[in-house]
Amino acid sequence: MIFNPEKYSIPDEPGVPFIDPHEINRYLSRERSDTVRIKEIVEKAIGKNRLNLSDVACLVHADNPEQIDLIKEAANRLKENVYGNRIVLFAPLYVGNYCTNDCQYCGFRISNDKAQRSTLTNTQLIEEVKALEENGQKRLILVFGEHPKYSAQYIADTAKKIYSVKQCNGEIRRVNINAAPLSVEGFRTVADAGIGTYQIFQETYHPETYKTYHPRGRKADYNHRLVALDRAQEAGLDDVGIGALFGLYDWRFEVMSLIRHTNHLEACFNVGPHTISFPRLQDASEVRYNSTYLVNDNDFTRIVAILRLAVPYTGLILTARENAEIRKEVMKYGISQIDGGTKIEMASYAQKKIQDQDLSKEQFRINDNRSLHEVVEELLKENYIPSFCTACYRLGRTGEHFMEFSVPGFIKRFCTPNAMLTLAEYLEDYANPELEHKGWLTIGKNLQRLNGNANVREIRNRLERIKQGERDLYF
Ligand code: SAM
Ligand code: SF4
C-alpha cells in the first residue's frame with residue numbers, strides 16, 4: 001500500500017501556521033518525472049477532482065515536451081469544459097502608496113526615497129472613478145501600501161465612496177481589495193462596506209527567503225501574514241484571494257505552497273480561495289533581488305496550467321505585469337480574470353495625456369499598456385466573451401467559482417448569459433461602431449450555442465431591453 005501522508009497528517013487548525021518547508025520538500029523529493037503517472041493525474045483533474053500535494057509535486061517535475069504538452073492540453077480542456085469562453089475584466093486603482101514596510105522588490109518600500117508618495121484626495125478619488133466608469137469599467141481592485149493612514153475604516157470608507165460615484169450609465173459594481181492584513185475586527189469593517197474579494201499574497205512561502213525580502217515593518221512577520229485570511233474567514237469574509245510573487249524563490253516550492261494554502265482553507269473553513277494570483281517579479285524603482293529564481297515564459301505557462309488542474313474551482317487572475325503576447329498565450333490554460341486599460345501611476349486614469357512610465361511613481365513596471373477598448377477587441381478576436389459580470393456577488397451567491405465548477409449547467413444558466421448582457425452594455429455605452437459590430441456578432445454566435453437552453457428567450461428579451469436603454473440586468 002502506498003503511504004499517503006496527507007491522510008495521516010495532523011489536521012489544520014484556523015489561525016495556526018501550516019507551511020512546513022520540510023513537508024513540501026519531502027513531497028518534491030519523493031516524486032519524479034513520470035509520463036504514466038502524469039497521464040493518470042491529468043485524467044483525475046479532467047474528471048474535476050482536486051489534486052493532492054503528491055499529484056502536484058509530480059506535475060511540477062514534468063520535464064520533457066510530451067509531459068508538458070499533456071499538462072497544457074488538459075488544462076486547456078478543463079478550462080473550456082468547466083468555464084466556457086468568458087473572461088472577466090477589471091482594473092486596479094492605486095489609492096495610496098505610503099508604506100512602512102521594506103519589501104526589497106517593491107518600488108513603494110519605505111527605504112526608497114526616490115518614490116513619489118501620495119494618497120488620492122477625495123476629489124482625486126472621485127475623478128479617478130469617473131474616468132474608469134467613462135471607460136466602461138465595472139469592477140475594481142483597490143491597492144494600498146501598508147500604513148496607519150490606510151486603516152480598515154479608511155479602506156471601508158473608500159470602497160463605499162466608490163460605490164456611490166455614478167454618472168450616466170457608469171457605476172462600479174464590485175470593489176475588491178489588495179491591502180495589508182487586518183485584524184478580525186478590521187476584516188469585519190471592510191466586509192460591512194460590501195467589498196468583494198480581499199487579496200493578500202504571501203509573496204514567498206519559503207520562510208528563510210521571506211525573511212531576507214522583508215527585513216522590517218509589520219510584514220516582516222511571516223506567520224501573521226500567512227494566517228491573515230483565516231482572520232478574514234473568521235470575520236465572515238469568505239471571499240479571499242491568495243497569491244505568490246514568482247521570482248523570489250523556486251517556483252515549484254511556491255506552487256506546492258499555494259496548494260497547501262488552499263488545502264488549509266478548505267480544511268478549516270470548508271471553502272477554498274476565491275482566486276489565486278501568480279504575479280511575476282517586474283522591474284521597479286531601486287529594487288533589490290536575486291535573479292536566480294526569475295521565472296521564464298515556459299515555466300510561467302506551466303505554473304498556470306498546473307494551478308488550473310490542481311484547483312479546478314478557483315478563479316485564476318493574470319495582470320498587466322505580463323505583456324500582451326504572453327497574456328494571450330496563457331489565457332488558454334485556465335485564466336478567468338484579467339485587467340484591461342490598466343494604469344498604476346497614482347491619479348493617472350483622470351489624466352488625459354498619455355504618460356511615459358516613470359518608475360518613481362509606480363510600484364513596478366507594467367508590460368501591457370493597452371486600453372480597455374483594445375483588450376476587449378482582442379478578446380473578441382480570440383473568441384472569448386469579455387465579461388463585466390458581478391451578479392453572483394450581488395445576489396449573495398458566494399463561492400461562485402465553486403458553483404461554476406460543481407453545479408451542472410451553472411455556466412450556461414448564469415455566467416455566459418451575464419457575460420453577454422454586460423458585454424452588450426459595454427458595446428452600447430462605450431464602444432465605437434466597429435467594436436460594437438464585432439461585439440454583437442460574438443453575442444449572436446454565443447446565443448446560437450445556447451439554443452435549446454430554457455432561458456434563451458429571456459436572454460434575448462434582456463439583450464433587447466439593454467438596446468432600448470435599460471441597464472444592470474442579470475441572472
Ligand atoms: N501593500 C500590500 C501588500 O503588500 O500586501 C498590498 C498591495 S501590494 C501594493 C500588491 C502586490 O504587488 C504585492 O503583494 C506583491 O505581490 C506585488 N508586487 C510588489 N512589487 C512587485 C514587483 N516589483 N513586481 C511585481 N509585483 C510586485
Ligand atoms: Fe509596501 Fe506592499 Fe510594496 Fe511591501 S509590497 S513595500 S507592503 S506596498
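Computed from a prediction, not measured in an experiment: that's the story for all the values here. Along the sequence shown, residues are numbered consecutively beginning with 1. First listed ligand is number 1; within each ligand, the first listed atom is number 1.
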Open item on the list: The test is salt bridge (Lys or Arg N to Asp or Glu O under 4.0 Å); show your working for E325 and K328 and say whether it passes.
Closed with: CA-CA 5 Å; E325 205 180 321; K328 185 164 123 185; over 6 Å; no
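- Judged by distance alone, the side chains of N367 and R365 never bring a donor and an acceptor atom under 3.5 Å apart.
- In summary, the side chains of S371 and E374 do present a donor paired with an acceptor at a separation below 3.5 Å, with no hydrogens or angles considered.
- Under a 4.0 Å N-O distance rule, the pair D239/R174 qualifies as a salt bridge.
- Side-chain contact between M331 and E329 is absent, with no heavy-atom pair separated by less than 4.5 Å.
- Within ligand 2, the atoms closer than 4.0 Å to a non-hydrogen atom of R109 are 6 (S), numbered from 1 in the order shown.
- Atoms of ligand 2 lying under 4.0 Å from at least one heavy atom of G145, given by number and element, are 8 (S).
- For ligand 2, the atoms lying closer than 4.0 Å to a non-hydrogen atom of N101 are 7 (S).
- In this structure the side chain of F300 reaches within 4.5 angstrom of the side chain of R280, judged on heavy atoms.
- Interface of C99 with ligand 2, defined as ligand atoms under 4.0 Å from a residue heavy atom, comprises 1 (Fe), 6 (S), 7 (S), 8 (S).
- Checking Y293, W251, Y222, Y249 one by one against H206, the ring-ring contact (aromatic ring centres under 6.0 Å, His included) holds for a single residue, Y249.
- Below 4.0 Å from some heavy atom of K219 lie the following atoms of ligand 2, by number and element: 2 (Fe), 4 (Fe), 5 (S), 7 (S).
- No donor-acceptor contact under 3.5 angstrom links the side chains of T197 and Y393, judged on distance only.
- Only one option out of H147, H224, E146 pairs with R218 in a side chain to side chain donor-acceptor pair (under 3.5 Å); it is H224.
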Would you mind listing each N/O atom of ligand 1 next to any protein N/O under 3.5 Å, plus the distance?
unit_1   : atom_1 : unit_2 : atom_2 : d
ligand 1 : 1 (N)  : F144   : O      : 3.0
ligand 1 : 4 (O)  : K219   : NZ     : 2.8
ligand 1 : 5 (O)  : R225   : NH2    : 2.6
ligand 1 : 12 (O) : R321   : NH2    : 3.2
ligand 1 : 12 (O) : Q363   : NE2    : 3.2
ligand 1 : 14 (O) : E203   : OE1    : 3.4
ligand 1 : 14 (O) : E203   : OE2    : 2.6
ligand 1 : 16 (O) : E203   : OE1    : 2.5
ligand 1 : 23 (N) : Y105   : O      : 2.8
ligand 1 : 23 (N) : Q282   : O      : 2.9
ligand 1 : 24 (N) : Q282   : N      : 2.9
ligand 1 : 26 (N) : R321   : NE     : 3.0

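- Scanning all protein heavy atoms for the shortest distance to atom 4 (Fe) of ligand 2 gives C103 SG, 2.3 Å.
- C106 SG, 2.3 Å is the protein heavy atom nearest to atom 3 (Fe) of ligand 2.
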